[in-house]
**Student:** 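Provided herewith is a single structure, encoded as structure tokens, for subsequent inquiry.
Numbering of residues begins at 1 and proceeds along the displayed sequence. Heavy atoms only: backbone and side chains are in, while hydrogens, waters and symmetry mates are out.
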Amino acid sequence: MTDASGGTSGAGGAAGGSGASGVDGATGAGGASGVSGVRVTDSAHARALSLQLTVNRAHSAARAGDLDRAARLLDELDTGGHLDTARVSFAKADSGAPSGAASGAERATVVAALNLRAKVHAQRGELTEADACWTRVEALAPDDPDAAAGRLTLAKIASGRRHARPVVHTGRVAVIAAALAATVAGVALVGGAVRLISDGGDDAGRPSGSVTEADSESDRLQAESRRADELAKRIADQEADDSAEAERRDSTLDEVAKRLAMPGVELRRHADDIQLVFSTGVFPYDSVISREGATALTEIGRRLADLNSGADAGPGAPEKGAGAETGVETTVVGHSVVVPGGSPSGGSVVALERARVAAQYLAEDSDLRLTDFRLVSADQRRGPFPATDANAPRNRTVTLLITPKEPPAAR
């Protein structure tokens with residue numbers, strides 16, 4: 001008796017199981033490990049061993065979902081006369097012959113091969129051929145439950161009481177009779193492969209350990225595949241979000257650069273912000289602002305308000321209401337130069353006061369408030385221009401860092 005996913009009882013290791021008495025040493029699915037040291041003493045043993053190994057390979061192919069290869073291996077056995085039920089039946093009757101032990105093992109393997117061949121035919125939708133194989137099984141083993149259950153289901157299908165349903169996979173065709181899936185000849189498609197399922201009946205003598213291991217391995221691989229798919233989806237979603245955020249930020253910075261372009265101001269574009277640098281110093285000394293600096297800051301304040309409100313800032317500007325896409329945050333950075341006896345680093349009170357004065361002019365003629373700005377002091381050595389005596393007047397200034405606002409969190 002054979003279980004389509006487990007192996008052959010009394011046939012020594014079919015389809016990855018360890019088997020009962022019969023061909024000693026044929027272990028593993030489709031392999032011959034453990035055969036070393038076995039002396040094949042007559043042609044019957046040699047024939048039985050060759051038959052067993054071929055059936056093992058057919059089982060392995062069926063488990064992997066390669067029904068074409070499984071069918072081809074089994075067909076080759078049949079055309080070569082290895083599944084000749086008349087010869088095997090004669091061997092069964094002649095139990096007293098010297099080759100009786102080998103004939104018994106061979107007979108059990110033939111039953112296993114015919115059962116497997118019937119199930120492969122059923123999965124491929126070849127129900128007539130499946131019935132013929134089970135008929136041959138019953139000729140050898142009239143009480144075989146696999147053959148009885150399979151033929152009963154086929155009869156129900158033929159009478160219209162059950163329906164066969166094909167399942168087609170790209171590259172391989174695995175036709176499965178849905179009704180057969182519920183019987184001892186049951187078939188389940190797992191991860192694109194075919195798993196042949198036991199009926200849960202009397203499995204005494206069947207090498208079912210390999211079936212349990214194969215099922216556990218299949219379940220584990222399926223779980224890992226699901227986890228990998230979920231992780232890949234999360235990564236893809238995150239990458240899509242990052243890409244969308246980068247596009248939104250770049251679009252906002254493009255708009256900022258267009259809106260704030262004006263004479264006397266240099267726009268330095270960075271990955272995450274734009275720095276506005278005034279060509280000439282805004283503060284001639286201390287925190288006293290120049291007239292040109294005050295005028296420039298007032299105009300910039302109006303344009304920043306437009307960016308945050310979406311108001312029309314002139315020809316070619318976005319329509320009003322676009323503020324949600326171009327909202328920005330402004331940091332006012334005060335700069336100072338190193339003076340004799342003064343600290344060469346760490347920022348200064350003068351630089352911070354310059355940032356405060358600049359923020360007042362930014363908010364003076366706009367809808368912006370002082371609290372809309374972030375005020376900081378730069379390190380004395382981090383002026384917008386190289387720290388030389390010639391550049392000292394230009395470094396008595398402020399710079400503005402314009403950063404796109406983060407979008408509101410999704411609710």
Side-chain angles (χ1 to χ4, degrees), residues 1-19 22-23 26-35 46-85 88 105-126 129-134 136-137 140-141 144 146-147 150 169 171-177 180 184-190 192-198 206-208 210-211 213-215 218:
M1 175 168 59
T2 181
D3 174 30
S5 64
T8 307
S9 61
S18 58
V23 182
T27 63
S33 60
V35 177
R47 184 173 60 248
L49 180 59
S50 175
L51 174 63
Q52 182 66 71
L53 295 179
T54 303
V55 174
N56 284 353
R57 295 188 183 99
H59 271 292
S60 298
R63 283 199 193 98
D66 194 347
L67 299 181
D68 291 340
R69 182 170 185 269
R72 185 171 61 254
L73 288 168
L74 296 170
D75 286 346
E76 289 173 356
L77 287 178
D78 205 8
T79 57
H82 297 285
L83 305 184
D84 184 350
T85 54
V88 177
E106 183 180 1
R107 183 173 59 255
T109 305
V110 170
V111 169
L114 290 172
N115 263 318
L116 177 60
R117 194 177 185 212
K119 295 168 187 179
V120 170
H121 279 312
Q123 293 174 66
R124 288 154 58 99
E126 301 159 357
E129 291 82 351
D131 186 63
C133 287
W134 273 317
R136 295 169 67 184
V137 170
L140 287 174
D144 186 85
D146 287 9
H169 290 274
R172 292 176 180 166
V173 179
V175 181
I176 171 173
L180 289 174
V184 66
V187 180
L189 294 177
V190 179
V194 178
R195 187 179 64 194
L196 302 169
I197 306 173
S198 169
R206 293 189 183 186
S208 60
S210 62
V211 181
E213 293 175 3
D215 289 351
S218 176

**Student:** Heavy atoms, side chains only, cut-off 4.5 Å: are D68 and R124 in contact?
**Tutor:**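 Side chain of D68 against side chain of R124, heavy atoms only: contact under 4.5 Å found.
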**Student:** Is any side-chain heavy atom of D146 closer than 4.5 Å to one of V111?
**Tutor:**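 Contact flag for V111/D146 side chains = no.
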**Student:** Just wondering, do D144 and N115 contact through their side chains at under 4.5 Å, heavy atoms?
**Tutor:**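 In short, these two side chains touch, coming nearer than 4.5 Å.
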**Student:** Quick one: CG on L67 to CG on L74, what's the gap to the nearest 0.5 Å?
**Tutor:**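 It is 10.5 Å, given to the nearest 0.5 Å.
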**Student:** Heavy atoms only: give me the nearest A118-A130 pair and the separation to one decimal.
**Tutor:**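 Scanning both residues, the minimum pair turns out to be O-CB, 3.3 Å.
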**Student:** Nearest 0.5 angstrom please: L53 CG to L73 CG, how far?
**Tutor:**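 The distance works out to 11.5 Å.
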**Student:** So how far is it from L114 CG to K119 NZ, rounded to the nearest 0.5 Å?
**Tutor:**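 If we round to the nearest 0.5 Å, L114:CG and K119:NZ are 11.5 Å apart.
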**Student:** I need the minimum non-hydrogen distance between A61 and A70, along with the two atoms involved.
**Tutor:**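 Shortest heavy-atom separation between A61 and A70 comes out as CB-N, 3.8 Å.
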**Student:** Tell me, do D75 and R117 make a side-chain contact under 4.5 Å, heavy atoms counted?
**Tutor:**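 Counting from C-beta outward, D75 and R117 do come under 4.5 Å.
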